[in-house]
Undergrad: 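Structure incoming, see below.
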Amino acid sequence: MASMSSLISPSNFTRLSFKPQSKQPFLQILQPNLPKNLILSSRPRKLRLFVAAEERTSTVASPPSAADRRLYIGNIPRTVNNDQLKKIVEEHGAVEKAEVMYDKYSGRSRRFAFVTMKTVEDANVAIEKLNGTEIGGREIKVNITEKPIAQVDLSVLQAEDSRFVDSPHKVYVGNLAKTVTSDTLKNFFSEKGKVMSAKVSRVSGTSKSGGFGFVSFSSAEEVEAAISSFNNAMLEGQQIRVNKA
């Protein structure tokens, strides 16, 4: 009679091996209707199940950019400086920065400024309270600044400015129509004399005309002749002002 130990000897067992015929996960074979977002991963002696998180798009509110808080203030008196303007605007909200724009050639105020408020709410209040009011007898315009025009190659505009030939003999031309270009200005003044150079100033960072420009000449006599001939003349539908720069 065979002993118990001989009956359970490894030699009496048939080796079994399981080779999966498909790469399909084992649980999906048993349960073919499992959701597609159920991912199976197997490791030796352990089978793990975890559900893949559905993709979710969450909108995170980004803090307001400086452009949303930046005000354009136009038609201010030439005598108003940064500190004075800041004090005026601060009566209606917290101011981060106030900057009056000056012409780099004449050093004169360009009659407009940019003021960055602390919050969008402060900016809106300042517009409501200040737009259409007067500073030094001049009715000012206050609004949110325009964003830089992406399609305009600003390097081209900067190159145009760099071509301007400065001179101690030049005139300031104000109240220009928005359609007037530097070439238009030069051709207009060339009708009465020899113009060295001309340029229309633009709102910083954009192609928008600032509404004024400069024309340079080679002599004081030509400046006087230009003022005499063109002050209060009509250019593209608007009466321009011409005086010494």
Undergrad: Quick one: are Val95 and Thr116 in side-chain contact, heavy atoms under 4.5 Å?
TA: no

Undergrad: Who passes side-chain hydrogen bond (donor to acceptor under 3.5 Å, both in side chains) against Thr133, sequence neighbours left out?
TA: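 In terms of side-chain hydrogen bond (donor to acceptor under 3.5 Å, both in side chains), with neighbours along the sequence ignored, Thr133 is linked to no residue.
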
Undergrad: Answer whether the closest heavy-atom distance between the side chains of Val173 and Phe188 falls below 4.5 Å.
TA: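 Not in contact.
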
Undergrad: Looking only at non-hydrogen atoms, find the nearest pair between Ile88 and Leu130 and report the distance.
TA: CG2-CD2, 4.4 Å

Undergrad: Looking at residues at least two apart in the chain, or sitting in another chain, which of them share a ring-ring contact (aromatic ring centres under 6.0 Å, His included) with Phe217?
TA: none

Undergrad: Is the distance between the ring centroids of Tyr172 and Phe212 less than 6.0 Å?
TA: yes

Undergrad: Could you pull out all residues at least two apart from Asp166 that satisfy side-chain hydrogen bond (donor to acceptor under 3.5 Å, both in side chains)?
TA: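 For Asp166 the side-chain hydrogen bond (donor to acceptor under 3.5 Å, both in side chains) partners, ignoring immediate neighbours, are Lys170.
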
Undergrad: Shortest non-hydrogen contact from Phe214 to Leu185?
TA: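 Looks like O-CD2, 4.0 Å.
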
Undergrad: Tell me whether the count of non-hydrogen atoms from other residues, nucleotides or ligands lying under 6.0 Å of NZ in Lys178 goes above 12.
TA: yes

Undergrad: Just wondering, do Val89 and Met117 contact through their side chains at under 4.5 Å, heavy atoms?
TA: yes

Undergrad: At their closest point, which heavy atom of Gly213 faces which heavy atom of Leu176, and how far apart are they?
TA: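 It is N-CD1, 3.6 Å.
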
Undergrad: Identify, with sequence neighbours excluded, every residue that meets side-chain contact (heavy atoms from CB on, under 4.5 Å) alongside Arg138.
TA: Asn75, Pro77, Arg111

Undergrad: Keeping Ser216 on the side-chain end and Ser197 on the backbone end, is there a donor-acceptor pair under 3.5 Å?
TA: yes

Undergrad: Working to the nearest 0.5 angstrom, can you tell me the gap between Ile76 CD1 and Met101 CE?
TA: 10.5 Å

Undergrad: Can you name the closest pair of heavy atoms from Ala123 and Asp68 and give their distance?
TA: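 The answer is CB-O, 4.3 Å.
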
Undergrad: Anything under 3.5 Å between a donor and an acceptor, one on a side chain of residues 225-233, the other on a protein residue two or more places apart or in another chain? List them.
TA:
from: Ser229; atom 1: OG; to: Ala225; atom 2: O; distance (Å): 2.9
from: Asn231; atom 1: OD1; to: Val242; atom 2: N; distance (Å): 2.9

Undergrad: Give a yes-or-no answer on whether the side chains of Thr119 and Asp122 include a donor-acceptor pair shorter than 3.5 Å.
TA: yes

Undergrad: List the residues meeting salt bridge (charged side-chain N to carboxylate O under 4.0 Å, His left out) with Glu96, not counting sequence neighbours, and say none if there are none.
TA: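 Glu96: salt bridge (charged side-chain N to carboxylate O under 4.0 Å, His left out) contacts with Arg69.
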
Undergrad: Using the test side-chain hydrogen bond (donor to acceptor under 3.5 Å, both in side chains), find all partners of Thr184 that sit at least two apart in sequence or belong to another chain.
TA: Thr181

Undergrad: Compare every heavy atom of Val200 with every heavy atom of Ser182, then report the nearest pair and how far apart it is.
TA: OG-N, 3.0 Å

Undergrad: Measure from the side-chain N and O atoms of Asp103 to the backbone N and O of Arg110, and report whether any donor-acceptor pair falls under 3.5 Å.
TA: no

Undergrad: Distance check, rounded to the nearest 0.5 Å: Ile144 atom CD1 versus Ile127 atom CD1?
TA: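 These two atoms lie 4.0 Å from each other.
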
Undergrad: Quick one, Lys141 and Ile73 - any side-chain contact, counting heavy atoms below 4.5 Å?
TA: no

Undergrad: What residues form a side-chain hydrogen bond (donor to acceptor under 3.5 Å, both in side chains) with Lys244, not counting sequence neighbours?
TA: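 Residues passing side-chain hydrogen bond (donor to acceptor under 3.5 Å, both in side chains) with Lys244: Glu224.
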
Undergrad: Suppose we screen for side-chain contact (heavy atoms from CB on, under 4.5 Å). Which residues come up paired with Ala220, at least two apart in sequence or across chains?
TA: His169

Undergrad: On a heavy-atom basis, which atom in Asn131 and which in Ile140 lie closest, and how many Å separate them?
TA: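 Closest approach of Asn131 to Ile140: OD1-O, 3.9 Å.
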
Undergrad: Looking at residues at least two apart in the chain, or sitting in another chain, which of them share a side-chain contact (heavy atoms from CB on, under 4.5 Å) with Gln238?
TA: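 side-chain contact (heavy atoms from CB on, under 4.5 Å) check on Gln238 returns Asn175, Ala177.
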
Undergrad: How would you list, by chain and number, every residue that makes a side-chain contact (heavy atoms from CB on, under 4.5 Å) with Lys129, sequence neighbours excluded?
TA: His92, Val125

Undergrad: How would you list, by chain and number, every residue that makes a salt bridge (charged side-chain N to carboxylate O under 4.0 Å, His left out) with Glu128, sequence neighbours excluded?
TA: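 Partners of Glu128 by the salt bridge (charged side-chain N to carboxylate O under 4.0 Å, His left out) criterion come out as none, since no residue qualifies.
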
